[in-house]
Amino acid sequence: MPDSNGAISVGDKLPDVKLVKATADGPEQVQSSEYFAGKRVALFSVPGAFTPTCSAKHLPGFVEKAAELKAKGVDEIIGTAVNDAFVMGAWNKAAGSDDITMLADGNAEFAEAVGLTMDGSGFGMGKRGQRFSMVVNDGVVEQLNVEAPGDFKVSSAEYMLGQL
């Protein structure tokens, strides 16, 4: 059940929306209900690919801790942002790794559906997803870590490792 702010909560099923997977062969549309079914996923959301904190800290932490996350029962590590699949693919190629799957949320449908959007209009970014992370087990939120505006503490790979 979404919380009083309309945001998703621990124990909630992920909403069923279309995302676009960045692949070597180009964008591939996926349905979240099917994509997250039957596996345990470490998902992190950033306000934007190639933005300072996202590129300097958030993505590198998940790249560095990928083996440890997988050793603790994570089947897949997913990064998402309100960017298109081409940008997400380029970001993963530039700063990520084969251990990270990028799911583009170009129209902010996922961010809206989980109730975790922010207004980046003051920076010329429009509506974006907040910085957060979650552990999703068979489509159900097991852990949820939402950052306060401007912070980078609870959505890191290190913090998530402590929860597993």
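The structure displayed is predicted, hence computed values, not measured ones.
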Between the side chain of Glu147 and the main-chain N/O of Ser155, is any donor-acceptor distance below 3.5 Å? yes
Side-chain heavy-atom pair Arg128, Asn83 within 4.5 angstrom cut-off: yes
Side-chain heavy atoms under 4.5 angstrom apart, residues restricted to Ile, Leu, Val, Met, Phe, Trp, Tyr: same cluster for Phe86 and Leu103? no
For a 4.5 angstrom cut-off between non-hydrogen side-chain atoms, does Ser9 reach Val141? no
Starting from Ile78, can I reach Val146 by hopping between I/L/V/M/F/W/Y residues whose side chains sit under 4.5 Å apart? yes
Checking side chain to side chain contact (heavy atoms under 4.5 Å, CB included) for the pair Gln31/Lys18: CA distance, chi angles, key distance, verdict? CA-CA 5 Å; Gln31 258 333 106; Lys18 197 171 293 244; 3.6 Å; yes
Determine the minimum heavy-atom distance between Met88 and Ala49, stating which atoms define it. SD-CB, 4.1 Å
Looking at Ala111 and Gly129, what are the two nearest heavy atoms and their distance? CB-CA, 3.7 Å
If you measure from CG on Leu19 to CD on Glu28, what distance do you get to the nearest 0.5 Å? 11.5 Å
Which residues pass the side chain to side chain contact (heavy atoms under 4.5 Å, CB included) test with Ala66, not counting sequence neighbours? Ile77, Asp99
To the nearest 0.5 Å, what is the distance between CD on Gln163 and CE on Met134? 11.5 Å
Between Glu76 and Thr101, does any side-chain donor sit less than 3.5 Å from a side-chain acceptor? yes
So which heavy atom on Ala157 is nearest to which on Gly61, and how close? CB-O, 3.4 Å
Smallest separation among heavy atoms of Gly115 and Ala7, with atom names: O-CB, 3.6 Å
Check whether Asp105 reaches the backbone of Phe110 with its side chain - one donor and one acceptor, N or O, closer than 3.5 Å. yes
If we ignore hydrogens and angles and just use 3.5 Å, is the side chain of Asp138 paired with the main-chain N or O of Gly38 as donor and acceptor? yes
Residues two or more places apart in sequence or in another chain: which of them pass ring pair (Phe, Tyr, Trp, His ring centres under 6.0 Å) with Phe36? none
Check whether any side-chain heavy atom of Val46 sits under 4.5 Å from a side-chain heavy atom of Trp91, and report yes or no. yes
Would you say Glu112 and Val17 make side-chain contact, with heavy atoms under 4.5 Å? no
For residues Pro15 and Ser32, report the shortest heavy-atom separation together with the two atoms involved. O-OG, 2.7 Å
Interatomic distance, CG@Asn145 vs CG@Leu43, rounded to 0.5 Å, equals 11.0 Å
Other hydrophobic cluster members with Val154, side-chain heavy atoms of Ile/Leu/Val/Met/Phe/Trp/Tyr under 4.5 Å, chained? Tyr159
Looking at Lys153, I want to see if its NZ is surrounded by more than 12 non-hydrogen atoms of other residues, nucleotides or ligands under 6.0 Å. no
Do Val74 and Lys65 have side chains that get closer than 4.5 Å, going by heavy atoms? no
Using the rule given for side chain to side chain contact (heavy atoms under 4.5 Å, CB included), can you reason through Lys72 versus Leu161, listing the C-alpha separation, both sets of side-chain angles and the distance that settles it, and then say yes or no? CA-CA 8 Å; Lys72 289 199 171 202; Leu161 273 169; 4.0 Å; yes
Can you check whether Tyr35 reaches Val41 side chain to side chain, under 4.5 Å on heavy atoms? no
If you measure from CZ on Arg131 to CZ on Phe152, what distance do you get to the nearest 0.5 Å? 6.5 Å
Rounded distance [0.5 Å steps], CD in Glu34 versus CG in Asp16: 7.5 Å
Leu59 and Met102: side chain to side chain contact (heavy atoms under 4.5 Å, CB included), yes or no, with the steps? CA-CA 11 Å; Leu59 176 58; Met102 292 294 184; 3.8 Å; yes
Just by modelled atom types, is the Gln130 backbone N or O under 3.5 Å from a matching donor or acceptor in the Ser45 side chain? yes
In Å, rounded to the nearest 0.5 Å, how long is the span from CG of Leu164 to NZ of Lys70? 13.5 Å
Could you tell me if the side chain of Met160 sits less than 4.5 Å from the side chain of Phe44, heavy atoms only? no
Is there a path of hydrophobic side-chain contacts, each under 4.5 Å between heavy atoms, that joins Val20 and Val136? no
Please answer: with hydrophobic residues joined when any side-chain heavy atoms are less than 4.5 Å apart, are Val114 and Val140 in the same cluster? no
